[in-house]
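One structure is given here, and the rest of the page talks about it.
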Amino acid sequence: MEQSILDEPEADTTTRRYEEARAAAHRAMSSVTLVPDRPAAEPTEPERLSYRGFKFGAAFFGWLIMISMLVLLSAVVGGAAIAGYYILGYTKTDLEDNAGTVAISAAAAVVVVITLAYYIGGYVAGRLARFDGMRQGFGVWMISLLLIVLASSAGAFLNSREDYAGRIDRPNVPLTDDTLLTGGLITAAALLMLPLLFALLGGRTGQRYHDKIDDLIA
């Protein structure tokens, strides 16, 4: 009995300490202010602009792919033309009698091959750069144009000194000069505009791959 009486003050002290600690913890938890997680910082406009714009590396590698596809497609079309020539049994006389048709077919094949090659080159450039695909496609076309101008200037300079053009044995095509001039102008216009348009289209198509990923992530 005496032992129970002695234990009561100690039990009361333990209970009081527990209640005080509980009250202190409650006050501490009540004074805590919950701060929500901050969302990831959005990239600023200068950061975004650093990834946009014309990228020479993407355009250059797109141009390399364009040249590769031009060689490959030319080989395929040339092989098909030679195979058709032998299979159908055409002779030189047949080709001369149908010179207009042959010239139109050859010009159309050249335009299609070059246009398709520029589309593929623009597509690769757009995929590499991710942003501004049309600018990358334009870069593929512009690199080609600059190289053509440089090569033409060098050729004209060398021809003025050595007259290489005069040494070429030109074939006797049974077409009038007016027909050749008209066909040449149309072909030149097509070779100037269609590759540009399809290079831009290819670059935009290549960029769409990254746009779909961005839409999926968002």
Side-chain angles (χ1 to χ4, degrees), residues 54-92 94-96 98-130 132-155 164-165 168-171 173 175 179-210 212:
F54 172 69
K55 304 298 180 182
F56 177 79
F60 177 74
F61 283 105
W63 177 79
L64 289 180
I65 295 298
M66 184 274 296
I67 294 296
S68 302
M69 293 306 302
L70 182 60
V71 173
L72 177 61
L73 294 174
S74 298
V76 171
V77 173
I82 294 174
Y85 175 81
Y86 284 104
I87 291 174
L88 298 177
Y90 282 116
T91 62
K92 184 177 180 180
D94 295 330
L95 296 179
E96 292 177 352
N98 300 279
T101 303
V102 173
I104 293 174
S105 301
V110 170
V111 171
V112 170
V113 166
I114 294 177
T115 299
L116 184 57
Y118 271 93
Y119 175 82
I120 296 173
Y123 177 84
V124 172
R127 282 288 295 268
L128 288 176
R130 181 172 183 176
D132 298 321
M134 296 186 71
R135 291 186 180 182
Q136 318 313 323
F138 179 78
V140 173
W141 181 83
M142 182 56 65
I143 291 174
S144 301
L145 181 62
L146 292 176
L147 292 177
I148 290 173
V149 171
L150 291 176
S152 300
S153 301
Y164 291 110
I168 299 176
D169 186 13
R170 298 179 180 84
V173 181
L175 295 174
T179 302
L180 291 175
L181 178 60
T182 303
L185 291 176
I186 294 175
T187 304
L191 290 176
L192 182 65
M193 298 306 300
L194 288 180
L196 172 60
L197 294 177
F198 275 80
L200 297 176
L201 180 60
R204 184 67 185 90
T205 305
Q207 180 189 338
R208 288 182 59 189
Y209 173 80
H210 299 286
K212 290 180 180 179

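- Every side-chain contact (heavy atoms from CB on, under 4.5 Å) that Met142 has, sequence neighbours left out, goes to Phe138, Leu145, Leu146.
- For Arg127, the side chain to side chain donor-acceptor pair (under 3.5 Å) partners are Tyr123, not counting sequence neighbours.
- Of the possible polar contacts, none joining the Gln207 side chain to the Gly203 backbone as a donor-acceptor pair under 3.5 Å is found.
- With values rounded to the nearest 0.5 angstrom, Ile148 atom CD1 is found 9.0 Å from Leu191 atom CG.
- Residues Ala125 and Ala58 come closest through the heavy atom pair CB-O, 3.4 Å.
- The stretch residues 185-199 participates, sequence neighbours left out, in no side chain to side chain donor-acceptor pair (under 3.5 Å) pair at all.
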Quick one: side chains of residues 106-122, donor-acceptor pairs under 3.5 Å with protein atoms, not counting sequence neighbours, listed by atom name and distance.
unit_1: Thr115; atom_1: OG1; unit_2: Val111; atom_2: O; d: 2.7
unit_1: Tyr118; atom_1: OH; unit_2: Ser144; atom_2: OG; d: 3.0

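- In this structure, the side-chain contact (heavy atoms from CB on, under 4.5 Å) partners of Phe61, at least two apart in sequence or on a different chain, are Leu64, Leu128.
- Atom CE of Met134 sits about 9.5 Å away from atom OG1 of Thr205, to the nearest 0.5 Å.
- For residues 194-209, the pairs satisfying salt bridge (Lys or Arg N to Asp or Glu O under 4.0 Å) are Arg204-Asp211, with sequence neighbours left out.
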Which side-chain N or O atoms in residues 192-202 pair as donor and acceptor under 3.5 Å with protein atoms at least two apart or in another chain?
none

### Task
Starting from the C-alpha separation in whole Å, work towards a yes-or-no answer on side chain to side chain contact (heavy atoms under 4.5 Å, CB included) for Leu72 and Ser68.
CA-CA 6 Å; Leu72 177 61; Ser68 302; over 6 Å; no

